[in-house]
Engineer: 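Pasting a structure below so you can have a look.
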Amino acid sequence: MYQYDDLDREVVRNRVIQFKGQMDRFLSGELSEEAFLPLRLQNGLYVQKHAPMLRVAIPYGMLSSDQLRALATICQEYDRGYCHITTRQNVQFNWVALNEVPAILAQLERVEMHAIQTSGNCIRNTTSDPLAGVACDEVIDPRPYCEIIRQWSSLHPEFAFLPRKFKIAVIGAEEDRASIRLHDIGLKVVRSEEGELGFQVWTGGGLGRTPMLASLIRNFLPQRYLLGYLKAILRVYNQYGRRDNKYKARIKILVSALGSKQFTAQVEQEFERNFHIDPQLSDEEIGYARSFFSSPSYQILSDDMEPIDQYPIAYQQWLARNVRPHKVSGYRIVTLSLKHISQAPGDITTEQLRHIATLADRYSFGEVRTTQQQNIVLADVRCSDLYELWLESEPKQLVTPTVGTLSDTVCCPGGDFCGLANARSLPVNTAIQQRFSDLKKVYGLGDISLRISGCINACAHHHIANIGILGIDKKGEEFYQITLGGKTGYESAIGKVLGPSLPLEKIAPAIDKIIQVYVAQRVDEGETFSSTYERLGKGPFKEAVYATDY
Amino acid sequence: MPQIIKKGRVVNDDWHIVAEELAILDDEAGRSSFVPKHGDKYLLPAPLWNTFFPQFLGFSTLPGLLLDHQVELEDINVAVSLVPIIAIRFSSFMDGTGFSTGALLRERFSFSGELRACGAILPDQVNYLMRCGFDSVAFNDPHSVTQYEKIQGQAVEQPKAVATDELINNTRNSPRNASLSYQGDVSRPKTPFQRRFGC
Ligand code: SF4
């Protein structure tokens, strides 16, 4: 994992000092609310419904056990004993006091963390594959590039006041576990025919009001040009992106207005012009970045597992759902689920944070990753430790064996917390989960994704869910729109609206009906919801949901 | 005389902006009411610059260019090569187009005169502007000058950033000549890890 050097420390410390000054000026009335807004947003501070919300960056999802403990301390001392993992691998504190934010930032700084550019119209935290470095289908570890991008984009003088927020994701594997085509820029590390490393560059993806998948604008960008090319894209966007209408300000609108061909031509022109000015990444630098992500000292172990039928059923279920193969023999990737029915999806308590830190130290080289699905991954667990790990995680409600199922809901904080919400999202999830509390029934449905956003900002990425739910406001009342057919992973697709929106109490029954149609119509148990939907189209689902009683 | 920030310091400034309306007000004889005076320093909006430029021939100081932050630089590259100063007007502190416009003037047009940002700018944005190649900043709001000085004062009082024991523990990671940013600035751009490791 990346370790700060003096420059990193100074950059973060300077920002902490600067932000404290900005906060003091705001509180003393020297800085107007309007002027403070972009400054506080660039430091992750929102003013929410009940209290300010502070979003802390977790660079490409990597956390050390010490950082987990620091987050736990912040939860305990400055918040209400829990925080929330976001769909962009960050952490949110929902109940902090405005005047305590500088103190929290100082605490974070001690463990090499910060809230820089976690909101506002700037380049946000770079996200990546939560299985980077350990996945079996990986071509090359994307994290060294993520770190280079993190640094390059942090406090970049030219791109801090963009038309709108700007998100970059990088992957290095076949399966896209970071949804790169939903990002303003998506990068996939690839090798050229000559064996040279570089990137496929995708641009113009995004969700929100006008969901779009990114277009491929460069099939191969040699790695040394990475930063020059990013700069060219950002510069074209900064000059020509729309600023007159917030809903048309994302780069996706510029790409689609110009057409991806014309947009690409402009980027290439800008890139070529600056070719000689922009410093290129040297092999030594990339190698240096890579040195932080070298494999931990794995033992040489057999990959055989002992027979599992002697163990409790719950453990067996957990092995089947929450444990994945690892690229190294004798190791497994474990997902600690944050979807226990007693907690809101993605919420994590002080106690759980501390416990996970202990588990990480004991079983996974002291590191964890946060995932887009709002869970925590222990990436390097020995097969022989799995049962112990399960036993120790179970009392802390971290072993809900539902990863990848309908119960692994991705859900934003919604109207219960978020000032921007049109409707609550948590009660919708609770109502649905009550109908699907039987694990056998859930397992019978196979892999299926459910995502719930409380407004069109789409923080839960409902557009890419097999079943997506979006809260809308109908004359002051909470209504919900259902979308079906979204997907991410090997293929990306944006879900289509099923029909007119429904009130809260009709959503869970509607989801039930959709599931019934799937179960009745699938060719066999191997046909996923996604394939069935593709084969049938929305007709039968719509019919079932909107039949007479609706 | 208005005060501006120039190279990090508060100074008096005598470049004045010629309003578009004023300059196009023709009298009956077809002459503009704007008659440049010897020794005065003018910033002319781009459309006027071409019109009035001939009147300045023989003057010791040519008029500077005042540009809208969204200007297409290709259209005015002749003027850019002649003027001693270019001022870019920011319409709102939320609109960062001007940061790129400034950087482009330095990078692509090799503009070497004074580059000024003026208009709706926050004192907190000055350092970013400087790193994008600007030399001076003229705020709309006169209080911003005091605020800027205050911010600079805070920067000077910063505690020593690196504790000695941290330095000792991190010999592998000690930076060499690394300035305080990851990107450098327009005049000296760098990649993040440049000069930060021994090899
Ligand atoms: S989707 Fe809307 S309601 Fe949910 S967290 Fe995002 S902004 Fe808030």
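Order of the sequence lines fixes the chain letters, A, B, ..., with proteins taken first and strands second; residue numbering starts at 1 for each chain.
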Engineer: Decide yes or no for Pro157(A) and Phe99(B): does some side-chain heavy atom of the first lie under 4.5 Å from some side-chain heavy atom of the second?
Structural biologist: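 Counting from C-beta outward, Pro157(A) and Phe99(B) never come under 4.5 Å.
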
Engineer: Ignoring hydrogens and geometry, is there a side-chain-to-backbone donor-acceptor pair from Asp95(B) to Arg243(A) under 3.5 Å?
Structural biologist: no

Engineer: Rounded to the nearest 0.5 Å, what separates atom CG in Leu7(A) from atom OG in Ser181(B)?
Structural biologist: 7.5 Å

Engineer: Does any backbone or side-chain atom of Gln280(A) lie under 4.5 Å from a heavy atom of chain B? Answer side chain, backbone, both or neither.
Structural biologist: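 The backbone, not the side chain.
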
Engineer: For the CD atom of Glu158(A) and the CG atom of Leu104(B), what is their distance to the nearest 0.5 Å?
Structural biologist: 6.5 Å

Engineer: Can you give me the closest heavy-atom contact between Trp152(A) and Pro192(B), atom names plus distance?
Structural biologist: N-CG, 3.8 Å

Engineer: For the pair Phe161(A) and Tyr128(B), name the ring-plane relationship: parallel under 30°, tilted 30 to 60°, perpendicular over 60°.
Structural biologist: perpendicular

Engineer: Tell me which of these, Glu34(A), Glu30(A), Glu270(A), Gln239(A), has more heavy-atom pairs under 4.5 Å with chain B than the rest.
Structural biologist: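 Answer, by heavy-atom pair count under 4.5 Å with chain B: Glu30(A).
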
Engineer: With a 4.5 angstrom heavy-atom cut-off, is it the side chain or the backbone of Leu281(A) that approaches chain B, or both, or neither?
Structural biologist: both

Engineer: Run Glu284(A) and Arg195(B) through salt bridge (Lys or Arg N to Asp or Glu O under 4.0 Å) and show every step you take.
Structural biologist: CA-CA 11 Å; Glu284(A) 289 77 17; Arg195(B) 301 193 292 271; over 6 Å; no

Engineer: For the pair Asp8(A) and Arg196(B), find out whether any cationic side-chain nitrogen is under 4.0 Å from an anionic carboxylate oxygen.
Structural biologist: yes

Engineer: Which one, Gly102(B), Gly98(B), Ser92(B), Ser100(B), leads in non-hydrogen pairs under 4.5 Å with chain A?
Structural biologist: Ser100(B)

Engineer: Heavy-atom pairs under 4.5 Å with chain B - which of Leu39(A), Leu162(A), Asp278(A) has more of them than the others?
Structural biologist: Leu39(A)

Engineer: So how far is it from Ile151(B) CD1 to Gln22(A) CD, rounded to the nearest 0.5 Å?
Structural biologist: 7.0 Å

Engineer: What part of Leu227(A) is in contact with chain B, defined as an atom under 4.5 angstrom from a non-hydrogen atom: side chain, backbone, both or neither?
Structural biologist: side chain

Engineer: Can you see which heavy atom on Gln18(A) is nearest to which on Asp124(B), and at what distance?
Structural biologist: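 Heavy atoms of Gln18(A) and Asp124(B) come nearest at NE2-O, 4.5 Å.
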
Engineer: Tell me, for Leu31(A) versus chain B, whether the close heavy atoms (under 4.5 Å) come from the side chain, the backbone, both or neither.
Structural biologist: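 Both parts, backbone and side chain.
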
Engineer: How about NZ on Lys41(B), more than 12 heavy atoms from neighbouring residues, nucleotides or ligands closer than 6.0 Å, or not?
Structural biologist: yes

Engineer: Check the pair Tyr182(B), Arg150(A) against side chain to side chain contact (heavy atoms under 4.5 Å, CB included), reporting the backbone distance first and the verdict last.
Structural biologist: CA-CA 10 Å; Tyr182(B) 291 121; Arg150(A) 179 192 77 81; 3.6 Å; yes

Engineer: Looking only at heavy atoms, which two atoms of Pro189(B) and Ile277(A) are closest? And how far apart?
Structural biologist: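 Nearest pair, atom of Pro189(B) first, then Ile277(A): CG-O, 3.9 Å.
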
Engineer: Side chain, backbone, both or neither: which part of Asn274(A) has a heavy atom under 4.5 Å from chain B?
Structural biologist: side chain

Engineer: Can you say whether the rings of Phe193(B) and Phe292(A) are parallel (under 30°), tilted (30 to 60°) or perpendicular (over 60°)?
Structural biologist: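 Aromatic pair Phe193(B)/Phe292(A) classed parallel.
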
Engineer: Name the region of Gln183(B), side chain, backbone, both or neither, that has any atom closer than 4.5 Å to a heavy atom of chain A.
Structural biologist: side chain

Engineer: Provide the closest heavy-atom pair for Ala35(A) versus Leu122(B) in the form atom of the first, atom of the second, distance.
Structural biologist: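 Between these two residues, the closest heavy atoms are CB-CD2, 3.5 Å.
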
Engineer: Does Glu74(B) have more than 12 heavy atoms from other residues, nucleotides or ligands lying within 6.0 Å of its CD?
Structural biologist: yes

Engineer: Would you call Lys190(B) and Glu285(A) a salt bridge, using N to O less than 4.0 angstrom?
Structural biologist: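 No, no charged N to carboxylate O under 4.0 Å.
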
Engineer: For chain A, which candidate among Gln70(B), Gln125(B), His143(B) shows the most heavy-atom pairs at distances under 4.5 Å?
Structural biologist: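 Greatest number of close heavy-atom pairs with chain A: Gln125(B).
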
Engineer: Check each atom of Asn238(A) against the heavy atoms of chain B and say whether the ones under 4.5 Å are side chain, backbone, both or neither.
Structural biologist: both

